[in-house]
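Have a look at the structure below before the remarks.
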Amino acid sequence: MAIERTLSIIKPDGLKKHVVGQIISRFEAKGLTPVAIRLQQLSQMEAEGFYAVHSARGFFKDLVAFMISGPVVLMVLEGENAVLANRDLMGATDPKKADKGTIRADFADSIDANTVHGSDSLENAKNEIAYFFRETEIQKY
Ligand code: RTP
Ligand code: MG
């Protein structure tokens with residue numbers, strides 16, 4: 001088992017529903033420790049840059065608009081197999097298809113407002129963490 005870091009974002013719907021604490025509790029309970037956290041209103045450019053891989057997709061405009069519709073919580077999670085462990089806790093992209101007990105099944109309304117983002121590979125995790133955090137903002141405890 002490898003100790004990894006992954007980027008987690010609680011999307012604007014998660015803040016508006018006041019489930020930030022419940023979501024972070026689920027991470028901590030599964031051994032995913034928040035080693036950096038910041039509440040931030042993303043700019044359009046920041047959101048477009050973050051999701052640049054999807055820029056040619058039909059849903060890109062809506063995705064960016066949703067991501068800047070309110071503040072988000074940016075987090076670095078650290079733990080064993082953090083990338084996959086986080087994706088398992090999140091559930092499928094479309095909450096209607098997400099397994100019961102996952103964050104998206106329990107809190108998300110739609111494929112657009114799906115409450116959380118999580119890096120989908122170790123390589124992407126490294127890039128996404130560096131997109132939002134300096135190494136000095138990541139703590140050990
Ligand atoms: P995320 O990047 O936000 O963690 O989500 P994901 O890996 O599960 O899904 P991804 O394919 O990376 O898509 C990014 C976000 O775009 C929206 N989306 N809409 N209407 C659609 O078909 C569609 N497909 C994707 C979702 O909000 C998804 O989280
Ligand atoms: Mg993704």
Side-chain angles (χ1 to χ4, degrees), residues 1-140:
M1 291 280 227
I3 299 295
E4 296 174 352
R5 286 174 179 170
T6 190
L7 186 84
S8 167
I9 303 178
I10 303 178
K11 299 185 181 184
D13 59 316
L15 282 80
K16 287 175 184 167
K17 286 183 175 170
H18 303 283
V19 293
V20 169
Q22 291 185 62
I23 292 171
I24 294 176
S25 289
R26 289 183 183 208
F27 293 147
E28 290 185 317
K30 290 286 180 183
L32 293 177
T33 300
V35 292
I37 302 188
R38 184 165 72 246
L39 203 120
Q40 183 171 323
Q41 170 66 54
L42 298 182
S43 69
Q44 179 156 338
M45 273 184 62
E46 282 169 330
E48 285 174 353
F50 182 73
Y51 277 120
V53 64
H54 296 307
S55 61
R57 308 290 295 277
F59 59 78
F60 183 66
K61 259 190 120 169
D62 286 346
L63 172 60
V64 169
F66 176 68
M67 291 301 287
I68 65 172
S69 65
V72 299
V73 176
L74 305 169
M75 266 181 292
V76 179
L77 300 176
E78 187 175 270
E80 278 183 7
N81 293 328
V83 172
L84 205 63
N86 180 38
R87 296 286 297 191
D88 285 348
L89 283 176
M90 289 163 57
T93 308
D94 183 350
K96 291 198 289 285
K97 295 178 184 157
D99 289 340
K100 239 182 120 198
T102 61
I103 292 168
R104 282 167 165 167
D106 292 348
F107 299 122
D109 289 330
S110 67
I111 192 166
D112 300 305
N114 63 3
T115 315
V116 279
H117 161 83
S119 308
D120 60 7
S121 71
L122 196 53
E123 193 191 347
N124 286 341
K126 290 198 168 95
N127 292 330
E128 291 180 0
I129 289 167
Y131 189 81
F132 286 120
F133 291 99
R134 290 188 295 270
E135 197 58 38
T136 52
E137 293 177 290
I138 301 171
Q139 309 298 332
K140 293 204 185 308

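This is a predicted model, so every value here is computed, not measured. Read the numbers this way: they start at 1 and go in the same order the structure lists the ligands and their atoms. These values consider heavy atoms only, across backbone and side chains, with no hydrogens, waters or symmetry-generated copies.
- With respect to Lys30 and Asp88, no salt bridge is recorded, no charged nitrogen being found less than 4.0 Å from a carboxylate O.
- The environment of CD in Gln44 is sparse: at most 12 heavy-atom neighbours from other residues, nucleotides or ligands sit within 6.0 Å.
- Looking only at protein heavy atoms, the nearest one to atom 6 (P) of ligand 1 is Thr93 OG1, 3.6 Å.
- Nearest heavy-atom pair across Met67 and Val72 is O-CG1, 3.9 Å.
- Residue contacts with ligand 1 include Arg87, since one or more of its heavy atoms lies under 4.0 Å from the ligand.
- Taking 4.5 Å as the limit, some side-chain heavy atom of Ile24 sits within range of a side-chain heavy atom of Met75.
- At a 4.0 Å heavy-atom cut-off, ligand 1 touches Lys11 through the side chain alone.
- Closest to atom 23 (C) of ligand 1, if we only count protein heavy atoms, is Phe59 CD2, 3.4 Å.
- Counting heavy atoms under 4.0 Å from ligand 1, residue Ile111 touches it through both backbone and side chain.
- Of the protein's heavy atoms, His54 NE2, 3.6 Å lies nearest to atom 14 (C) of ligand 1.
- Across all their heavy atoms, Ala82 and Leu77 have their closest contact at CB-O, 4.0 Å.
- Considering only heavy atoms from C-beta on, Ile23 comes within 4.5 Å of Phe27 through its side chain.
- Of all the atoms in ligand 1, the ones that sit under 4.0 Å from a non-hydrogen atom of Asp112 are 27 (O).
- Contact annotation for Phe66 and ligand 1: no heavy atom of the residue comes within less than 4.0 Å of the ligand.
- Within the structure, ligand 1 lacks Asp120 among the residues with a heavy atom less than 4.0 angstrom away.
- Looking from atom 1 (P) of ligand 1 to the surrounding protein, the closest heavy atom is His117 ND1, 3.1 Å.
- Scanning all protein heavy atoms for the shortest distance to atom 29 (O) of ligand 1 gives Asn114 ND2, 2.8 Å.
- The part of Arg104 lying near ligand 1 is the side chain, judged by heavy-atom distances below 4.0 Å.
- Classification of the Tyr131-Phe50 ring pair by plane angle, with boundaries at 30° and 60°, yields tilted.
- A salt bridge links Arg26 to Asp106: one of the charged nitrogens lies within less than 4.0 Å of a carboxylate oxygen.
- When each atom of ligand 1 is checked for a heavy atom of Gly118 under 4.0 Å away, the hits are 4 (O).
- Residues Ile111 and Phe59 are not in side-chain contact: their nearest non-hydrogen atoms beyond the backbone lie 4.5 Å or more apart.
- Contact detail for Thr102 and Ala98: the closest heavy-atom pair is OG1-CB, 3.5 Å.
- Annotation: Leu63 places no N or O atom under 3.5 Å from an N or O atom of ligand 1; distance criterion only.
- Using a 4.0 Å cut-off between heavy atoms, Glu128 makes no contact with ligand 1 at all.
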